[in-house]
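Down below is the structure, laid out as structure tokens.
Residue numbering restarts at 1 for every chain, and letters A, B, ... go by the order of the sequence lines. All values reported here derive from a predicted model rather than from experimental measurement.
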Number of protein chains: 2
Amino acid sequence: MSTTHTNTRTKILQATLDLLFSEPPAKTRMSDVATQAGVSRQAVYLHFKNRADLLIAATHFLDEKLDTDARLAASRTAQSGRDRLQAFVTAWGNYIPEIHRIAKVLISMSETDEAAASAWENRMQDMREGCAAAIDALNADGTLSPDFNTEDATDVLWTMLSVHNWEHSTGACGWSQKKYLTMLALTTQKLFYADPVKAP
Amino acid sequence: MSTTHTNTRTKILQATLDLLFSEPPAKTRMSDVATQAGVSRQAVYLHFKNRADLLIAATHFLDEKLDTDARLAASRTAQSGRDRLQAFVTAWGNYIPEIHRIAKVLISMSETDEAAASAWENRMQDMREGCAAAIDALNADGTLSPDFNTEDATDVLWTMLSVHNWEHSTGACGWSQKKYLTMLALTTQKLFYADPVKAP
DNA sequence: CACACACTTTACATTGTGTAAAGTTGACAA
DNA sequence: TTGTCAACTTTACACAATGTAAAGTGTGTG
């Protein structure tokens, strides 16, 4: 039945995530995934037409597990524009470490694979909409800094929240996740608030 | 003589840069480089032990051509801390597009090649020193925002000036180089100046 | 009982890196 | 003039990883 079909497919996707998020980081060659899933390498090609296809599917699979949409949508319930911006920044900032590994693979694959590139670009465009919504909320409240129009502010925020910047902050800079979030809150306030909250 | 040796080596390095900076972007497989240099593929291995070695050498070769050190050192002559920060940001911001292609290859190679990773990391550490010097100058003038200590400000600036952020700004955001520099000036002022210059 | 389907097994093509070793050439020295 | 050395070429091969192809296995359902 299709149950078996689904089970094997799921086993493969789970195996992919297991390898991607294992410590220390493991390789995720097609054969590694197959072995981890307890399945032949060819079985993987039976379900996914190539590695890019598998990793894109694994990304969606992870989305479901993390309930990504719901988590990011939560920031929309905030009352003020400021609260909404901070809620969005925090939600996304906490989301990155959970998807970081697979994001890296997808970004890296984007250099050669068109489908991977477009899958990642879609996610980034969705993310930009979240940035735009937060900036728009700030603007609607009249609390967006007059130094930016909404487009520019959105692009700056979008850039600040990139996976690469998280990686650089927590890697090269050696910041903890907590510090990363603190600095993100501080810098977004200084940049985007019409009247930045000053430290006492 | 060693003249011949040097000439072939130089030809190969130049060929590497020619391919890296060609429009549209060309592949830089060992065989492509060899063909471009008018030399056999094996000759490349005679001068460079592997692809990482070749690309690291090409990076240094480009440094010489661009007189990298001199350009970045120029920012140190600025009088005030504010001028110095802006001079450094502008110098680096204008430097990135000139090294972007080779930086990308080196970064990408860092995922698998230890030598490439450490070559790129060295450059980034050098760059961080430039950031630190600029922030220190601001701090010495008493014009560094009290919201940051010098370490944190350095790390934030360092992150802002990353190659990835340039790529995202001029690529995904669609900004021109001029706009990139303008936004960089604006955001660094808002973040790091004790008393940010306000738009009229 | 058979046959359909999911999966396995085996084998092979392809691409790019890197190694190995024999052959060629040209400049310079005896 | 000849010999030799170094730089380079040519040819060949090993290896890793992706992807294709096709025959074989085993099981549950009509």
### Query
Got a second to check how far A:Glu121's CD is from A:Ser110's OG, nearest 0.5 Å?
9.0 Å
### Query
How bent is the helix from C:dC1-D:dG30 to C:dA30-D:dT1, comparing axes over its five end pairs at each side, to the nearest 10°?
30°
### Intermediate values then yes/no, side chain to side chain contact (heavy atoms under 4.5 Å, CB included), A:Thr188 and A:Leu191
CA-CA 5 Å; A:Thr188 50; A:Leu191 284 175; 5.9 Å; no
### Task
Answer with yes or no whether B:Arg41 presents, from its side chain, a donor or acceptor under 3.5 Å of a partner atom in the base of C:dG16.
no
### Query
Which residues, if any, of residues 19-38 of chain A bring a heavy atom under 4.0 Å of DNA chain C?
none
### Quiz item: cation-pi between A:Arg82 and A:Tyr193, 6.0 Å / 45°
yes
### Task
Supply the atom-to-atom distance A:Leu157 CG to A:Thr150 OG1, rounded to the nearest 0.5 angstrom.
12.0 Å
### Query
In Å, rounded to the nearest 0.5 Å, how long is the span from CH2 of B:Trp92 to CZ of B:Arg71?
10.5 Å
### Task
Give the rounded distance in Å between these two atoms: CG of B:Asp53 and P of C:dT17.
14 Å
### Query
Quick one: B:Asn50 CG to C:dT17 C1', roughly how many Å, whole number?
9 Å
### Under 4.0 Å protein heavy-atom contacts per nucleotide of nucleotides 21-28 of chain D, with B for base, S for backbone only and - for none
B-------
### Task
Could you check how far CG of A:Leu46 sits from P of D:dT20, rounded to whole Å?
12 Å
### Query
Is the distance from OP1 or OP2 of D:dC8 to the nearest side-chain N or O of B:His47 less than 4.0 Å?
yes
### Message
Can you tell me how far apart CZ (B:Arg123) and OG (B:Ser118) are? Round to the nearest 0.5 Å.
### Response
12.0 Å
#### Entry: Sole residue of B:Thr59, B:Val44, B:Leu55, B:Leu62 in side-chain contact (heavy atoms from CB on, under 4.5 Å) with B:Thr16
B:Leu55
### Task
Measure from CZ on A:Arg9 to P on C:dC7 and round the result to the nearest Å.
12 Å
### Summary
To the nearest 0.5 Å, atom OH of A:Tyr45 lies from atom NZ of A:Lys49 at 12.0 Å
### Query
What is the distance from CD1 of A:Ile12 to C1' of C:dC7, rounded to the nearest Å?
10 Å
### Query
Just how far, in rounded Å, is P of D:dT20 from NZ of A:Lys49?
10 Å
### Task
Measure the acute angle between the ring planes of A:Trp158 and B:His168, then classify it against the limits of 30° and 60° as parallel, tilted or perpendicular.
perpendicular
### Message
Please evaluate residues A:Arg84 and A:Asp141 with respect to the criterion salt bridge (Lys or Arg N to Asp or Glu O under 4.0 Å), reporting the C-alpha separation (whole Å), side-chain torsions for both, the decisive distance (0.1 Å), and the verdict.
### Response
CA-CA 11 Å; A:Arg84 181 160 178 177; A:Asp141 282 7; over 6 Å; no
#### Entry: Parallel, tilted or perpendicular: rings of A:His164 and B:His164 (30°, 60°)
parallel
#### Entry: Interatomic distance where CG belongs to A:Asp113 and C1' belongs to D:dG19 [whole Å]
13 Å
### Message
Just the rounded figure in Å: distance from C1' of D:dA12 to OH of B:Tyr45.
### Response
15 Å
